[in-house]
Amino acid sequence: MTTRLSLADCGLSAGKKARLHRILHQHGLGNGTALFLPYDQGLEHGPRDFFADPLASDPRYILKLALEGGFNGIALQIGLAEKFYWDYAGEVPLILKLNGKTEIPADNRALSPLHASVEDAVRLGADAVGYTLYVGSPAQDADFAQYRVVRQEAQRLGMPLIVWAYPRGEAIEHKGGKDSFYAVHYAARTASELGADVVKVNFPHPEKHTDVPEPYTADFSSQQAIDAVVQAANRTMVLVSGGSRAGDDVMIAKAEQSMSAGATGLIFGRNVWQRDHDESLRFVDRLREILAKYPAS
Ligand SMILES: O=C(CO)COP(=O)(O)O
């Protein structure tokens with residue numbers, strides 16, 4: 001088992017450290033791990049994600065769920081944060097997503113435009129900001145340039161920066177796809193190279209290795225792949241994303257392997273709220289049991 005990064009390991013400014021301390025040690029289990037509830041799917045995929053449980057289309061329901069489930073934070077886009085966060089301000093930490101896009105255009109030039117600022121995050125009382133970086137997209141140059149401004153502003157204002165590091169684009173499709181070990185490993189390293197404080201990755205799939213560069217063609221287990229992804233992020237904390245709804249046993253195994261690899265936490269959305277309220281909380285309890293086994297110092 002790998003040791004988890006503690007805040008002292010991450011080279012953070014005082015402001016960033018104070019805010020991450022609030023998230024990791026004053027909310028959730030308070031043991032330095034994190035369970036986040038992401039709620040930007042209404043923009044990224046559209047309202048189709050709420051057919052499974054129509055209650056989940058109401059941001060008030062999701063904020064209440066975040067509080068009841070003892071989450072370390074909730075990720076919201078600016079519109080919902082402005083209108084709904086007020087009732088929960090201070091009770092559930094806010095991660096303000098600064099960019100985002102709909103799924104409607106073909107994503108062969110994926111770039112997620114900015115529509116909120118780090119100053120908006122400060123005004124709303126957020127404890128972190130989120131930025132989606134499309135690693136490998138043909139629009140990567142413009143993305144990196146846009147990201148640089150966010151990183152500098154986050155640095156200036158002492159705001160932790162969480163990078164949603166998503167491999168995208170045709171070149172990635174020809175290298176095992178967006179959740180191949182090659183792509184996820186590279187994305188984690190890219191976020192770390194570009195100064196993310198925390199990186200959110202998809203769980204890597206080593207079995208997807210068609211056309212990937214040489215070392216990735218070998219047989220790796222999923223545990224070896226997630227171990228390598230966490231190591232690639234070095235002093236950047238890692239969060240592992242949930243993805244579309246899957247069976248509970250698959251999700252629990254993913255959570256266990258991620259935490260055992262040294263990830264700081266989990267950011268699971270649809271697998272939490274695409275089901276009935278009590279069932280959601282029961283599933284969250286199982287995730288919390290896993291996090292409890294892997295405290296950070
Ligand atoms: O972080 C996420 C979306 O922003 C992950 O959400 P899902 O768990 O629904 O894939």
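As the structure lists them, so they are numbered: ligands from 1, and atoms in each ligand from 1.
- For the residue pair Ser222/Lys254, the side-chain donor-acceptor check at 3.5 Å is not satisfied.
- Among residues at least two apart or in separate chains, ring pair (Phe, Tyr, Trp, His ring centres under 6.0 Å) pairs with a member in residues 85-141 are Tyr131-Tyr147.
- In this structure, ligand 1 sits under 4.0 Å from heavy atoms belonging to Pro38, Asp40, Gln41, Trp164, Lys200, Ser241, Gly242, Gly243, Ile267, Phe268, Gly269, Arg270.
- Ionic pairing of Glu170 and Lys175 is not present here: no N-O contact between side-chain nitrogen and carboxylate oxygen is shorter than 4.0 angstrom.
- Using a 4.5 Å cut-off between side-chain heavy atoms of Ile, Leu, Val, Met, Phe, Trp and Tyr, with links allowed through other members, Trp273 and Leu67 fall into the same hydrophobic cluster.
- Under the 4.5 Å side-chain contact rule for hydrophobic residues, Leu287 and Ile62 share a cluster.
- Taking a cutoff of 4.0 Å between a charged side-chain nitrogen and a carboxylate oxygen, Arg282 and Glu279 do not qualify as a salt bridge.
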